[in-house]
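Just follow the structure's listing: the first ligand is 1, and inside any ligand the first atom is 1. Computation of the quantities below employed the complete heavy-atom set of this structure, encompassing side-chain atoms and omitting hydrogens, waters and symmetry-equivalent molecules.
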Amino acid sequence: MDQTAKQASFIIDSVTKAVANWTVDEHAGLNPDMPDRYGSNWRVDWIGHTMGLLHMLAQSVAMRSPELFSHSLRWTHDSFEARGIRESDLLQNANAMREVLSKELPPPVDKTALAIVDAALESLRVKQDDSAYDSIENSKEKETVLTYLAAILESNGAAAESIIMSAVERGVPVAAIYENILSPAQARLGQMWHRGEISVADEHFGSATTQAVMSRLRPHFKPASARHKLMVGTSTPGDLHEIGLRMVVDLFELDGWNVVYLGANTPVADLIEFLERRSPDLLALSISTALMLRDAGELIERIRENEKIGSTKVLIGGPPFRFVDGLWRQLGADGCASSATQAIELGNQIVAS
Ligand code: B12
């Protein structure tokens with residue numbers, strides 16, 4: 001990772017709380033009716049929103065990627081729109097944050113950060129089409145995805161499981177169930193939450209059901225002949241997403257690898273110690289939110305600096321790499337794949353090279 005950019009991002013993180021408070025003061029100064037419009041918790045909510053934006057700005061600076069912040073502001077814009085939060089509030093808040101940052105940040109961090117905020121505000125002016133976000137249309141199992149989702153939305157876990165088990169019975173391979181049914185269903189749940197169509201509880205039920213279904217598929221695993229290679233899979237410390245990672249690990253297992261699935265949020269020191277103890281051929285690191293990018297880069301730096309495990313091959317993946325091209329190279333990984341199927345091909349190549 002670029003050390004100057006990383007230090008600049010730490011500076012932004014260090015002033016986040018103060019900048020968020022000051023921003024909300026400025027924003028509320030223009031809108032004395034904030035408590036009437038957003039309820040008694042309005043201040044906490046707007047401070048939380050502003051801090052989230054600032055943390056994303058820090059990641060965007062660390063990665064030297066204005067797109068990351070623009071993407072995040074657009075995402076917030078659309079989510080606010082779906083919840084009836086005025087666009088003028090988002091814009092006034094972002095402009096107030098810009099003003100406060102211009103006073104609080106030292107040069108040259110101020111210039112870098114303000115250019116990123118300006119680019120994001122400018123990009124909001126262009127209406128975007130989010131249809132590429134929907135992977136159901138392109139799925140070979142579109143009908144099954146829709147019936148699976150319908151069962152989830154009725155909170156009927158038994159029906160959801162039986163839809164997937166029927167797919168197994170008609171010969172759909174595990175990899176295809178993952179890629180063509182469960183992945184697009186999860187992405188659609190995320191999209192529906194974003195649009196304000198379902199609650200966090202519905203998403204949690206869907207994610208829990210998908211994980212339960214994945215466990216039920218294990219007896220149907222028919223691994224290829226042994227490759228005598230070991231891979232360890234984890235999400236970046238602090239990252240709570242685990243479904244994509246688990247799909248990747250399962251498909252490596254089906255490809256004949258020995259696998260260790262550590263799940264989400266393994267603490268850095270414990271992960272390093274584990275890698276030293278098990279010496280895997282490959283570490284698969286999942287990064288699902290852009291908020292974890294700098295931490296992922298630091299983790300890879302720690303691995304590289306370590307005499308015992310410095311040459312471990314590191315494969316990364318997750319949604320942020322779909323949104324911004326070439327981001328993975330900055331993190332010092334050996335490769336990045338956008339799906340579990342691609343991960344197997346690339347993982348084998350990387351380890352053989
Ligand atoms: C379920 C979910 C959650 C659940 C996770 C539950 C769990 N047990 O896993 C919970 C509620 C915890 C959650 C929280 C948050 N989430 Co969330 N979440 C999702 C959601 C809806 C589905 C994730 C999923 O299961 N996808 C299905 C899997 C199969 O897809 P996948 O993860 O992309 O994985 C595939 C590839 O990316 C790749 N891959 C994944 N990992 C790896 C690793 C390697 C090595 C390789 C090679 C490939 C690879 O292969 C996988 C299979 O093909 C997504 C929406 C989406 N479009 O994915 C948002 C999403 C990932 N979340 C998002 C966000 C922003 C958050 C929060 C910050 C929200 C908030 N404000 O609190 C928090 C972060 C919490 C944290 N500290 O991690 C964003 C991330 C955007 C970004 N660019 O940063 C997404 C994309 C939603 C969106 N459109 O904005 N989330």
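Contacts between W193 and ligand 1, counted as non-hydrogen atom pairs separated by less than 4.0 Å, are absent for every part of the residue. No part of H194 comes within 4.0 Å of ligand 1, judged by heavy-atom distances. When non-hydrogen atoms are compared, ligand 1 lies under 4.0 Å from the side chain of W75 (C-beta onward) but not from its backbone.
Note on ligand 1: Q342 sits outside its first shell, no heavy atom being nearer than 4.0 Å. Every heavy atom of L189 sits 4.0 Å or more from the atoms of ligand 1.
Note that CH2 of W42 is 13.0 Å distant from NE2 of H49, once rounded to the nearest 0.5 Å.
For ligand 1, the atoms closer than 4.0 angstrom to any heavy atom of A290 are 82 (C), 84 (O). Listed by number with element, the atoms of ligand 1 under 4.0 Å from a non-hydrogen atom of M247 are 29 (C). If you number the atoms of ligand 1 from 1 as listed, the ones under 4.0 Å from a heavy atom of Q211 come out as 8 (N). Applying the 4.0 Å criterion to heavy atoms of D239 picks out, from ligand 1, the atoms 78 (O). For ligand 1, the atoms lying closer than 4.0 Å to a non-hydrogen atom of A340 are 50 (O), 52 (C), 53 (O). Residue T289 approaches ligand 1 through these ligand atoms, each under 4.0 Å from one of its heavy atoms: 74 (C), 78 (O), 84 (O). Which parts of ligand 1 touch S207 is read off a 4.0 Å heavy-atom cut-off, strictly below it: atoms 1 (C). When each atom of ligand 1 is checked for a heavy atom of G190 under 4.0 Å away, the hits are 21 (C).
In this structure, the ring of W193 has its center no less than 6.0 angstrom from the ring center of F205.
Comparing E242, R322, H241, Q191 against atom 91 (N) of ligand 1, the shortest heavy-atom distance belongs to H241. The heavy atom nearest to atom 80 (C) of ligand 1, out of those in A264, C336, S288, is found in S288. Closest heavy-atom approach to atom 36 (C) of ligand 1 within the set S338, G317, G244: this belongs to S338. Ranked by closest heavy atom to atom 48 (C) of ligand 1, the top entry among G347, A284, A337 is A337.
For D270, the side-chain contact (heavy atoms from CB on, under 4.5 Å) test picks out P267, with sequence neighbours left out. Scored by the ring pair (Phe, Tyr, Trp, His ring centres under 6.0 Å) test, H241 finds no partners at all (sequence neighbours excluded).
At least one cation-pi condition fails for R227 and F252: the charged atom is not both under 6.0 angstrom from the six-membered ring centre and inside a 45 degree cone around its axis.
A salt bridge links R304 to D334: at least one charged side-chain nitrogen sits closer than 4.0 Å to a carboxylate oxygen. Taking the charged nitrogens against the carboxylate oxygens, E197 and R188 have no contact shorter than 4.0 Å, which rules out a salt bridge. With respect to E273 and R277, a salt bridge is recorded, a charged nitrogen being found less than 4.0 Å from a carboxylate O.
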